[in-house]
Amino acid sequence: MKAKTNNKSEIAAMPTWLRRPIGKASELSTVQRIIKQRQIHTICEEGRCPNRGECYAQKTATFLLMGSTCTRSCAFCQVDKGHAPMPLDPEEPKKVAEAVQILGLRYVVLTSVARDDLSDQGAGWFVKTMEEIRQLNPETQIEVLTPDFYGEWQRIAAIANAKPACYNHNIETVQRLTGPVRRGAKYDRSLLVLQIVKEIDPTIPTKSGLMLGHGETIQEVIKTMADLRQVGCDRLTIGQYMRPSLEHLPVQKYWTPAEFDELGAIAKEMGFSHVRSGPLVRSSYHAGEEV
C-alpha cells in the first residue's frame with residue numbers, strides 16, 4: 001500500500017525554511033526518464049528528497065539497489081515496506097552503470113533497502129554494482145550507504161575491500177529513541193559497522209547521519225556525535241525529519257536553522273572533517289564535494 005500524503009493542516013504548519021522548489025523540471029525529467037526506462041530506482045525519487053533537483057544539476061545521484069521494498073519497517077522512512085521483497089534483477093548492476101554513464105555522473109552514492117531475506121543481506125550486490133560502474137565509468141567516485149548487515153564482519157569487509165570513496169551508515173537518531181524510530185536496528189550495532197570499516201581500512205572515510213525532530217534533546221545529539229567520533233567517524237550530516245505520511249511518526253519538533261548551525265559548529269570542534277548541518281540536509285547532500 002502506498003503511503004498517504006500529508007494532510008493540509010500539517011503542511012501548513014511546516015516552517016517556511018523547510019519549503020523549497022524541487023529544481024528545474026528538465027533536470028528532474030531527464031533523470032526520471034532514464035531510471036524508469038531501465039527499471040531501476042533512486043532513493044532521491046523513492047524518498048522524495050527535497051534536494052534531488054539540486055543534486056541532479058550537480059551530477060550526483062543516489063541509486064537504490066535490490067528493489068524498492070524493504071524487509072524492515074522503520075517508522076520514519078517513506079520507502080515501501082511490509083510486502084515480499086522483489087527478486088533481484090540480474091541486470092541491475094549493469095543498468096545502474098549505464099545510467100551513470102548516460103547521465104555523466106561524477107559522484108554516485110549506492111544505497112539499498114534492507115534485504116534480510118538474502119544470504120549475505122545484499123553485501124555482494126553492492127560490490128558487483130561497484131565493479132560494473134567502474135568498468136564503464138572509471139573516473140566516477142562511488143560512496144556507499146549501507147544497512148547494518150547485523151554487524152557481520154565478513155559482509156561489511158566485502159564492501160570495504162572494494163574501496164568505496166566513502167562508507168556511510170546512518171545512525172539516524174539518539175540511543176533512547178532507536179527502538180521506536182529504527183525498528184529492527186540497534187544503536188551499538190550501527191556504531192560497530194563504522195568501527196569495523198576503520199579496522200579493515202583506516203584510509204576509507206566513514207560517515208553517518210542524524211535526523212532531528214523525534215523528541216531528542218541537544219545533549220543527546222551531542223552524546224551521539226561523541227559516540228560517532230569514538231569509533232572514528234569522519235563525516236556527519238544532520239537534518240530535519242519531515243513526516244512522509246500520517247502512517248509515519250509525527251514530528252515532535254522543528255529544529256531551527258540557528259540550532260542546526262550550532263550543532264554543526266560543535267561537530268566541527270569534535271573533529272569531524274566534513275559536516276553538513278541544516279533543516280534540508282540529507283545523507284547524500286553535497287556528497288561529491290567531500291572528495
Side-chain angles (χ1 to χ4, degrees), residues 2 20-70 77-80 85-115 118 122-147 158-159 162-168 204-205 207 237 276 280-291:
K2 293 293 182 183
R20 65 173 299 174
I22 63 170
K24 294 181 181 178
S26 60
E27 289 160 351
L28 287 168
S29 63
T30 297
V31 177
Q32 289 165 343
R33 185 184 71 254
I34 289 170
I35 64 175
K36 186 175 182 180
Q37 286 172 344
R38 283 159 180 77
Q39 295 183 307
I40 55 180
H41 304 274
T42 65
I43 193 63
C44 320
E45 298 299 326
E46 299 295 331
R48 309 302 292 172
C49 178
N51 305 311
R52 62 192 185 279
E54 180 181 352
C55 290
Y56 294 164
Q58 294 176 346
K59 299 298 184 183
T60 64
T62 301
F63 290 92
L64 182 67
L65 305 180
M66 295 177 270
S68 59
T69 303
C70 190
C77 183
Q78 189 168 3
V79 173
D80 196 20
M86 299 169 61
L88 294 180
D89 174 3
E91 296 298 313
E92 183 184 54
K94 185 176 180 180
K95 289 176 180 177
V96 170
E98 290 172 347
V100 171
Q101 184 180 49
I102 292 168
L103 293 167
L105 301 180
R106 63 180 181 82
Y107 196 92
V108 173
V109 182
L110 299 179
T111 190
S112 77
V113 291
R115 290 298 302 258
L118 302 176
W125 206 252
F126 274 90
V127 175
K128 184 173 179 59
T129 307
M130 293 170 73
E131 291 171 349
E132 291 284 353
I133 290 172
R134 285 169 174 159
Q135 283 186 15
L136 288 180
N137 313 273
E139 301 301 318
T140 299
Q141 296 287 314
I142 306 171
E143 177 177 318
V144 294
L145 170 56
T146 76
I159 299 174
K163 304 291 184 182
C166 180
Y167 195 117
N168 186 357
I204 296 175
K207 179 178 175 183
T237 58
R276 299 288 180 189
L280 289 169
V281 167
R282 297 297 181 262
S283 299
S284 304
Y285 188 58
H286 286 200
E289 295 180 4
E290 296 169 357
V291 296

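Because the structure is predicted, anything quoted here is derived from the model rather than measured.
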Do you know which two heavy atoms are closest between Ala97 and Asn137, and how far apart they sit? O-ND2, 3.2 Å
Pair Asn168, Val109 - check side-chain contact (heavy atoms from CB on, under 4.5 Å), show working. CA-CA 9 Å; Asn168 186 357; Val109 182; over 6 Å; no
Note: Met66 and Ser112 closest approach over all heavy atoms is CE-CB, 3.4 Å
Can you name the nearest heavy-atom pair linking Val113 to Gly67, along with the distance? CG1-O, 3.8 Å
Evaluate Leu110 against Leu145 for side-chain contact (heavy atoms from CB on, under 4.5 Å), listing each step before the verdict. CA-CA 6 Å; Leu110 299 179; Leu145 170 56; over 6 Å; no
side-chain contact (heavy atoms from CB on, under 4.5 Å) between Trp125 and Arg115, intermediate numbers included: CA-CA 11 Å; Trp125 206 252; Arg115 290 298 302 258; over 6 Å; no
With sequence neighbours left out, what residues match Glu91 under side-chain contact (heavy atoms from CB on, under 4.5 Å)? Asp89, Lys94, Lys95
So which atom in Lys163 and which in Met130 form the shortest heavy-atom distance, rounded to 0.1 Å? C-CE, 4.3 Å
Checking side chain to side chain contact (heavy atoms under 4.5 Å, CB included) between Val100 and each of Thr129, Ile142, Leu136, Leu105, which is the one that passes? Leu105
Mind checking the OH-CD1 spacing from Tyr167 to Ile204? Nearest 0.5 Å is all I need. 9.5 Å
Which atoms form the tightest heavy-atom contact between Val108 and Phe63, and what is the distance? CG1-CD1, 3.7 Å
Look up atom CD1 in Ile40 and atom CD in Glu98, then write down how far apart they are to the nearest 0.5 Å. 9.0 Å
On a heavy-atom basis, which atom in Glu143 and which in Lys207 lie closest, and how many Å separate them? OE2-NZ, 3.2 Å
